[in-house]
Structures are given as structure tokens and as C-alpha cells.
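Notes follow the structure.
Atom set for the values below is all heavy atoms of this structure, side chains included, hydrogens, waters and symmetry mates excluded. Protein chains get the first letters and strands the later ones, always in sequence-line order, with residue 1 at the start of each.
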Amino acid sequence: MSEPLLSACGLAVRFGSITALDSVGAALWPGEVLAVVGESGSGKTTLLKVLSGRVRPEAGHVWYRAPDGERTDVHAMPLPMLRRLHRSDWGFVEQDPRQALRMDVSAGGNVGERLMAAGARHYGHIRDEAARWLAEVEIDVARIDDKPATFSGGMLQRLQIARTLVTQPRLVFMDEPTGGLDVSVQARLLDLIRTLVRRLGIAVVLVTHDLAVARLLAARIMVMQRGQVVEDGLTDQVLDDPRHPYTQLLVSSVLAA
Amino acid sequence: MKGYNFAYLDEQTKRMLRRALLKAVAIPGHQIPFAAREMPLPYGWGTGGIQVTAAVLGRCDTLKVIDQGADDTTNAVSIRRFFARTAGVATTTRTAHATIIQTRHRIPETALTEAQIIVYQVPQPEPLYRLEPSRTETRRMHALSEYGAMHVRLYEQVARYGQIAISYDYPVMVNGRHLMAPSPIPAFDNPKMHRMPALQLFGAGREKRIYAVPPYTDVASLDFEDYPFRAGRAPHACALCGAQASYLDEVVTDDRGGRMFVCSDTDYCASRREQAP
Amino acid sequence: MAYVAVKGGERAIDAAHAWLAAARRGDGTVPSMQTAQIREQLGRAVDRVMAEGSLYDPDLAALAIKQAQGDLIEAGFLLRAFRTTLPRFAAALPVDTAAMRLARRISAIFKDLPGGQVLGPTYDYTHRLLDFSLLEDRPAADAPEAGAHPGPAPRIPDILGQEGLLEADIRSDAEPFDITRAPLAFPAGRDARLQGLARGDEGFLLGLGYSTQRGYGNNHPFVGELRVGEVDVEIVPAELGFAVCIGTVTLTECQMVNQFAGSKTEPAQFTRGYGLAFGHAERRAMAMALVDRALRAEELGEALTAPAQDPQFVLATCDNIEATGFVEHLKLPHYVDFQSELETVRRLRATAGSAPGAGPPPGAVPPDEPP
């Protein structure tokens, strides 16, 4: 793969006197998982929002390469086009699944929504597809007509993943997908994400403060501090042999914990 | 009527309404905001329809007003009187004789023609309001044609009831572009809107919106390929005229379960009885 | 006029109107009430009808109250429907409430202030005991002379504003939005919001204002100042080119002062909620000021958590003429829609009997409520 799926350069965002992003660049190749790590306030969530077109940068560009090879500037795209991308080729997994799910709509309806938004009009097919995806994320298909309100935290997150992946996106943004879950639930979810992402060849930008999550899922890693990328490279290399003092501190604090 | 302009509204207001109507006709199914005036009838009782009718009414017009399909219901009488008083126009109960028909909750059974305008009274013009209460957001959904959520509602009904269970105000796609509330007509009447030769105008006074379906425009009721739209009616014949295919009112005749079914369209029923040998 | 007679409805409507007229008059042995009596002796009702009818005319408001048998929402509706037919010959200049000829002026945040505290004709501090002497027609006791009207008093922003402690008035010569001439759209500007609140239902505003005090969108309000009195209304006729006074109106103005923690760009200061009402209407002006401040939550970067902070919820719901019309329209026949629901429910029940699992669970609500 010679051309990146998503690339960015010179991104800058400021909130008042605080610098959230300072000339940040990034590149993501098809089927690759890139982890963005750093502590709270390092700018990693802002970077995710800028890369996905949700927050406009004051400087810099984000480029997306469509399946036909056409390269478009994410922030110059007309809104309808961006929203269409978010409903089809892209996906976004929120830390809190309640923000993404319709809590008063059945699990099947939640998974089917993206298909219907994309024009699916055959109830039987939509339902079969929803059932298949519930099975993929290890939710009992018998619960297809239950509302998410009756689901556990781990199930909600898996439902959100099914809802996101049902249109077979090429690129998924994930914001702390395992945050707020028990350790055992986290482990199962990580395993599921890893399996699905590998099998489907989805490219992922994963924001996490948890180095263990990054190591498990991501081939490459970017370490951020005060709005800047201080180190990046292959995950194992960076974590086993950190160069930057901040990365060294992050790695040692995990070991100490 | 002394002291008031023809058809109550002043000409400036009518001009404002006609501008909104022209925009509405230009973009079928799209809701046009307009500065609804206070009318001497309460909001929710047809003030939108009355303003639209006043804006298109001329001295040579013949007006028919129906509520629930009938000319003799009190609100229909009241609105017909309003225009008889303020405009002095001819009124009729005969669908075929009317040039303008103002209606609440029904489309006449007699097919309308190119020479006619039908004006619907609309309580809630926004078809998405149950799914998304914010008008800022629904406006964006219309602009971007993002109607997936509406199909989710249909999906939920099929999942729960084994069928689509919307009985009236059944949402339609107009001209393949805009999702539209047909006003609370029974789903039975929806097919009549499709490629209707008459101009269809919709007025929502309280919500201050006007929209339109020009003659011969496609109007499709939302459904699934495997759960197609069905226009339901009571499975009976009219007890008065024997009609087999008209929309029926159920009349309770006693407190022991006695029922009688009669045409909701009183003019249609009366005409059939007159013509019967 | 080729008017085709129809059965039933028409005669019923005429008979109902005649009956209503008789009921309005009541017992004929009791003297008929003069509208002047209503104007003079039911002044607070007249003020409310003028505010909600958005037309300042005490005589017409009194007539509307008489015609509506004292139903104040119905009276407001009569006044509004009349108002909409009136031609507009000029727009008044902004009234100067600092020059108000005060009948009452109090501040809860300063013990004394320039212009002084003026208690005025208030129900505050009356003991709410039925006064049986009013059953008899005795002349009222003479009111002590207040030394005419106290002189003009500076408004609270003029006092607090000098230190920069209170947000400044933003002067604008831009043409304000007119909710009676243009459809309200959201997000709505403060001009449109204040207009909507000024003629909103007093009970609804009171409930919303109260809700902010009970924790639904916290406000920390102080009555900076409440003033009641007369102001001049001026217009500039095109042929003259200078302002002339065309009359006076009584207004109630409330400046509610609220804490504001400040933001990244603004230092901490006090912010304001504003209330203005026709006539003597303290409750209305205060409730309006609370809700106005709550509606500024987004502008001030506060968390949006409560109904009183949602402009669409407040403005689309607060108009009692619209609300009463739509609530009461449920009395109109709905039998066509109900029939379609009947058929649907019968169909659903038939299906539920034949296909287990496909039917609605026990206690399921029907898919839609009536329109």
C-alpha cells in the first residue's frame, strides 16, 4: 500500500490560551490500526475530532482517499458529503455508547439504522443483517427486539460496534472504546475488536490513555503531550524502547502501577 | 363584510401568503415558514387552512369545506360561514362543483380535477417531530435528506407488531426528495395524493408553515419492499349507499355492541343514493 | 349568494351562541356590569389581558373581559384577533424607563439607592384576610398623598454598570425582529425571545421561572430592581422629523441580577435577566426576567440541562393563545382518525391471536397518540 487512506499535516487548534494541537501530522494506511496515546489534556481526543471532520482546525489539512482513489480535503467537503461518509465508509465509536445508540429503539433497529440510511428497504434483509451482526459481537440474537436500556455496559459497547460496522466501513474512529468498563469486560471487548478489525481489514484510529490497549490492538502508535506528537513508530518498538522522556515516563508509570 | 377586506385578510398579508405558496409549489413537500396571522378562530381549528384559502380565493370561486369528510360537521359549518360572510363567495357541498375544497382529515372520494385546489388543515407539519423534537435538527435532516430514522420507526413497528401500524398522518416522500406529513388523513387516502390532477396546498397556522404538492407529482407512502403500504378501511359496505370501496365511519347504534358503517364522505354517499334507481 | 343549507350543525351553532349570550348576562335582576367598572376595578385582569393580547388598550381589554365572562385567556385571544387587523401607522421610539414616573420602585440588593425605595400600591405585606367590608359599597379610605410622583430614578444598570460589575447594555439601532410579522425560527435572537416572553402565558412563565429556582437550570437571582409607572410613548412622524409624544402607558420593569462565574474571555461579573410587561404586573415581569436569564445559558456557556433553558421549548409553548387553541381542538371531531386506529388495533389483535410472539406485549401503548 503506497497511498495512505487518511493523512494530515500541520494541524493546529487552540482553545483560548490553551494549545490543543500544535502542527500535528498523521498518516493511516488501509487496514492499519493507529493508536494515539497520552494523558488527559494531551490533545489526543481533539486530534480524533479533527481527523474525523467534527472539529475544524485553525491550520492544516486532513485528506481522505476514497475507494475510487480520489483524494478529498475532509474540512473542505460539503456537509452532506461528510455526513454521508460518516454514515457509510466511516464509523465512530464513542466512549459512552449511550451517546451513539438510540436507547428507545430495539437492538435490531439500532444496527439496521445505518443500512436504512444507506437506502436498504427490505425488512427481511435488514433484520437478517442485524441478527448476523449481533452474533458477530456476541450478543444473543434472541435479544434483537430488546431495547438497549436492558443491556449491560459491555453489551452496549458491543452493540455500538455492531451498529458501526454493519455498513462495512473502511475507516473507524474509536474514542477510549474500553473506558469505563470492568477489567474482565474490557478484555473480552478488546479481543472482539481485534478479531473483527483484522478479519474485515478496517483501518482504525484509536484514542486511548491505556498503553496495554494500544499494545494489544495497534501496529503503530503516536504519543502526544501538550498538543504535540513527541514520539511515533511501531508500537512494540516505542513501548519497549521509548526515546522521549515523556514516553519513558508513561511506560514506567504503567510498569509501576 | 363591512369593515373587513375581501376574505378577511388584508391584501399585504395575502401577498405574503401567496409568495410562500409559490415557493412551496416550487419545492414540492418542503415546508415554507410564513408569518401566520392571528385569526378570529382558534389555533388548531384550521387557521392555517383558512389563511391559505383566503389567499387563493377569488370572487368567482365556489368553496366546499369538509371536516371528517362531512360538510355538516360544526367546524366545517363554521369555516364555510366565515368565508360566506367575509368573502360572499358561493359555497357548495358538491365535490364536483367546488373550485376550492378546504378539508380537515379527509380527501373526497370523488376524484379531483385540474380545475380544483384542495387545501388541507395541518396541525403538525413536521413529519419527524416524534423522532427529533428540535426544529433546528429536523431542518438539517430535511436539507440533507437524512430520513433513515423515519424508517427505523417503521422497522420497530414491523418488529413489534408484524406490520406497519400507522393509521393516519402516514408519512410520504414527495417527488422523491422531501419527507412530508400528509396531515391527519387516514392512510386510506394516501394513494389519492399520488399524481393528483388538483393542486394540493397545506397550511399549518399555529406552526406557521405552508407546503404544497403540485399537480401530477409523485407521492409515495413509506414502506418496506416485503411489507408494502396497505390502505386500510373497515371491511364493510356503507349501510346507506352500499359503497364497497369508500372510507367508512363506524356509528354506534346501541349499548349492546350494535354498529353501523356509513360513508365518511357525506356528499359521495348522498350522490350515490340520488343516482340509485 | 348560492348558499346550500346543510342539516344540523348550522342551527346548533346559532342556538349555542344565543345560549352563551344569555349565560354571559346571568341573572337579569343584577345590574349589568359596565366596562368602565372592569377597567377601573379589575385593573390587574385588564393588565394581564393587555399583555397576553399584546395590545395596550384598557377599554378594549375591559370589553374583552366582559365578552369572555372573565375568561382571561379567551379575552386575550379576542384582543389579539382584533390587533391583527389594525393598520400600523408608525413604530414608537424605544421607551425610556429611566424617565418613568414611578408608582413603585424597589431594589432587593441595596438598602438605599438614588431615587429611594418606593413601596407604592402593592399587595406585599397585606395580610391575606378576606375583607368583608368590600361586600358593602363603602367609599375607599383616602390614600395619603405621596408628594406626587417621586422624581426620575436611575436604573440599576446605570448604578452597577459604572464599576463594570454588571454586563453592559448593548445598544443597537438594528431593526428588531418582529414575531408578529415574521415566523419565529430557531435559534432565536434575544429580541425575538423577549417578545415571545412578553406576551407569554403568565402561569407558564411563573412555573418556568419557579423551576429555575428549584434547581432546573440554576440562576442565583436577585431582584436588582422592580419598577412600576408611566412612560411616554413617542413617535417621529415623517413629515415632522422630530419626536412627538402620542400618549402614556403604564409598564412594569424587572432587572434581575445573576451571578456569572466568568469565562476565558470575560472576567467574573453579574449578568441580567430582563422582564417588561404592560400595566402593573410584577409577577409576570419577574418570571419573565428569570426565564430570559435562563434562556441565555448557551450564550453564557452554561450547561443546558433544564426546560427553561431551551428556547424552542419555552417560546413554542408559552403562547397561551396557541396553546389553548391546540389543546381545545381535541374537542373537534376526530372520528376519521379514530376509525383508522380502531381498524389498526383490530388488525393487530387479530394478528396477535394467530402469530404468537409477533403481537404487542401486555400493556403496550398504541403506536401513536391522537393528532
Is it the side chain or the backbone of B:Ala149 that comes within 4.5 Å of chain A heavy atoms, both, or neither? both
Contact list (residues 153-171 of chain A to chain B, heavy-atom gap under 4.5 Å, by number) returns none
Quick one: CE on A:Met81 to CG on B:Leu144, what's the gap to the nearest 0.5 Å? 13.5 Å
Does a side-chain heavy-atom distance below 4.5 Å link A:Met116 with B:Phe224? yes
What part of B:Tyr155 gets within 4.5 angstrom of chain A, counting heavy atoms only: side chain, backbone, both, or neither? both
Any non-hydrogen side-chain atom of A:Asp145 less than 4.5 Å from a side-chain atom of B:Arg160? no
Ordered numerically, the heavy-atom neighbours of chain B under 4.5 Å found in residues 60-78 of chain A are none
Give a yes or no on whether A:Lys49 atom NZ has more than 12 heavy-atom contacts from other residues, nucleotides or ligands under 6.0 Å away. no
Segment of A:Ile144 engaging chain B (4.5 angstrom heavy-atom cut-off): side chain
Heavy-atom cut-off 4.5 Å, strictly under: side chain, backbone, both or neither for A:Arg84 against chain B? neither
When you measure from the side chain of B:Asp226 to the backbone N and O of A:Gly124, does any donor-acceptor pair fall under 3.5 Å? yes
Counting only non-hydrogen atoms closer than 4.5 Å, can you tell me which residues of residues 174-182 of chain B sit against chain A? none
Counting only heavy atoms not in A:Arg56, do more than 12 sit closer than 6.0 Å to its CZ atom? no
Looking at side-chain heavy atoms only, is the closest gap between B:Glu225 and A:His125 below 4.5 Å? no
In Å, rounded to the nearest 0.5 Å, how long is the span from OH of A:Tyr123 to CG of B:Asp223? 14.5 Å
How about residues 102-114 of chain A versus chain B: which residues have heavy atoms under 4.5 Å apart? A:Arg102, A:Asp104, A:Val105, A:Ser106, A:Gly108, A:Gly109, A:Glu113
